[in-house]
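Report on the following structure.
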Amino acid sequence: TDITYINGKVEGQKAISFNGITSMVSTSSTKLCKGAYSFSCQFKLASSTEGIIFSNAFDNSLYGNAVWIKPDRIRLEWSYNNSWIKLDRINLSLLDDKFHSLVVIMSPGNQSIYIDGILEASSSNANVTQSNNVAPLRFAVNWNDSSYFIGILQNIKIFNRALTQD
């Protein structure tokens, strides 16, 4: 809701501009981001405020996934047995008026965050998201309509498997 389509990084492509107040996109599917998956997009930050790129947390935030971002930090969170596991990368420089590529890979034994093709954080945690999550995937906002993303997202892709470098 309340989104604006603008010209993207590549001529002819459209991107979504999020205002950080009411802008968000919610899918109707509850089958996304369960078990092994990968998520990719291009983003451009427009504020130093921390916000959500995507999430599908549910039930008072007991289940799900979330990717948080601010200019100097990116964090992947996922739930397992009703507690949150976090993978962080700090000391970044992302508020630079440029588009950046983001790839998140999630599978048992491999959780990775790539920015602009560089592995920024990884974990080999065997525990991944609980499969009983029935929440829809949301972009630019958290499960409880908070932590709105301020910036631009484009070229969003979701894969039902963990991507590899092959």
Side-chain angles (χ1 to χ4, degrees), residues 1-34 37-79 84-106 111-118 120-121 129 133-160 163:
T1 58
D2 201 21
I3 59 175
T4 303
Y5 292 97
I6 62 171
N7 290 327
K9 179 180 178 181
V10 177
E11 188 174 331
Q13 285 186 348
K14 292 293 183 184
I16 302 172
S17 179
F18 296 93
N19 65 20
I21 301 168
T22 55
S23 299
M24 57 86 81
V25 173
S26 183
T27 67
S28 59
S29 177
T30 60
K31 297 178 181 180
L32 300 171
C33 300
K34 291 182 177 184
Y37 74 90
S38 299
F39 168 87
S40 69
C41 73
Q42 293 174 320
F43 69 90
K44 181 164 51 169
L45 292 180
S47 169
S48 60
T49 304
E50 184 174 52
I52 295 275
I53 288 187
F54 80 89
S55 73
N56 74 332
F58 178 71
D59 194 14
N60 220 12
S61 197
L62 292 178
Y63 314 118
N65 305 272
V67 172
W68 297 78
I69 195 161
K70 62 183 192 175
D72 65 344
R73 179 182 193 174
I74 190 159
R75 181 174 71 241
L76 169 63
E77 297 181 345
W78 67 97
S79 63
W84 285 92
I85 302 168
K86 298 177 182 178
L87 176 60
D88 273 311
R89 173 61 166 98
I90 59 172
N91 297 322
L92 297 170
S93 183
L94 301 172
L95 188 59
D96 57 4
D97 201 34
K98 296 179 183 175
F99 276 95
H100 296 277
S101 295
L102 169 66
V103 176
V104 172
I105 299 169
M106 175 68 103
Q111 301 81 41
S112 303
I113 301 172
Y114 290 84
I115 297 178
D116 297 329
I118 298 169
E120 295 289 355
T129 302
N133 185 355
V134 295
L137 185 61
R138 302 177 90 191
F139 297 94
V141 68
N142 205 359
W143 65 275
N144 61 354
D145 293 332
S146 67
S147 303
Y148 283 90
F149 173 77
I150 303 171
I152 300 169
L153 294 178
Q154 69 175 23
N155 203 19
I156 297 168
K157 297 178 182 176
I158 302 167
F159 303 87
N160 63 356
L163 295 177

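- Asn19 places none of its side-chain heavy atoms less than 4.5 Å from the side chain of Ile150.
- In this structure, Gln13 and Gln154 approach most closely via the heavy-atom pair OE1-NE2, 3.9 Å.
- Salt-bridge annotation for Glu50 and Arg73: absent, with no side-chain N of the basic residue lying under 4.0 Å from a carboxylate O of the acidic one.
- Ion pairing between a basic and an acidic side chain is recognised when a charged N comes within 4.0 Å of a carboxylate O; Arg138 and Asp145 show such pairing.
- For the residue pair Asn142 / Tyr148, no side-chain donor-acceptor distance below 3.5 Å is found, with atom types taken as modelled.
- Residues Trp68 and Ser55 have side chains not in contact (no heavy-atom distance under 4.5 Å, counting atoms from C-beta outward).
- Panel note: side chain Ser147, backbone Ile52; no donor-acceptor pair is recorded below 3.5 Å.
- From Ile53, atom CD1 reaches atom CG of Leu153 across 6.0 Å, with rounding to the nearest 0.5 Å.
- Put simply, the side chain of Asp96 reaches to within 4.5 Å of the side chain of His100, judged on heavy atoms.
- Considering every non-hydrogen atom in both Ala15 and Gly8, the closest pair reads CB-CA, 3.9 Å.
- In this structure, Pro71 and Ser47 approach most closely via the heavy-atom pair CG-O, 3.7 Å.
- Across all their heavy atoms, Val141 and Met24 have their closest contact at CG1-CB, 3.5 Å.
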Determine, step by step, whether Glu77 and Asn65 satisfy the side-chain contact (heavy atoms from CB on, under 4.5 Å) criterion, reporting the C-alpha distance in whole Å, the side-chain angles of both residues, the deciding distance to 0.1 Å, and the verdict.
CA-CA 6 Å; Glu77 297 181 345; Asn65 305 272; over 6 Å; no
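- Minimum interatomic distance between Ala140 and Phe18 (heavy atoms only, all atoms of both residues): CB-CD2, 3.3 Å.
- In this structure, the side chain of Ser38 does not engage the main chain of Val103 through any donor-acceptor pair within 3.5 Å.
- In terms of modelled atom types and a separation under 3.5 Å, the side chain of Asp72 and the main chain of Leu92 share no donor-acceptor contact.
- Rounding to the nearest 0.5 Å places CZ of Arg89 at 10.5 Å from CD1 of Ile74.
- The distance from the CZ atom of Arg75 to the CD1 atom of Ile90 is 11.5 Å, given to the nearest 0.5 Å.
- The structure places CG of Asp88 at 12.5 Å from CD of Glu120, a figure rounded to the nearest 0.5 Å.
- Atoms CG and OG, from Leu163 and Ser40 in turn, are 7.0 Å apart once rounded to the nearest 0.5 Å.
- Contact annotation: the side chain of Ile105 never approaches that of Tyr37 to less than 4.5 Å [non-hydrogen atoms, C-beta and beyond].
- The closest side-chain heavy-atom distance from Ile6 to Ile152 is below 4.5 Å.
- Looking at Asn155, its side chain never comes within 3.5 Å of a backbone N or O of Cys41 through a donor-acceptor pair.
- Considering NZ of Lys157 and CZ of Phe39, their distance stands at 11.5 Å, rounded to 0.5 Å.
- For Asn7, the side-chain hydrogen bond (donor to acceptor under 3.5 Å, both in side chains) partners two or more places apart in sequence, or in a different chain, are Lys14.
- Looking only at side-chain heavy atoms (C-beta outward), Ile3 and Val25 come within less than 4.5 Å of each other.
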List the steps, then state whether side-chain contact (heavy atoms from CB on, under 4.5 Å) holds for Phe149 with Leu45.
CA-CA 8 Å; Phe149 173 77; Leu45 292 180; 3.4 Å; yes
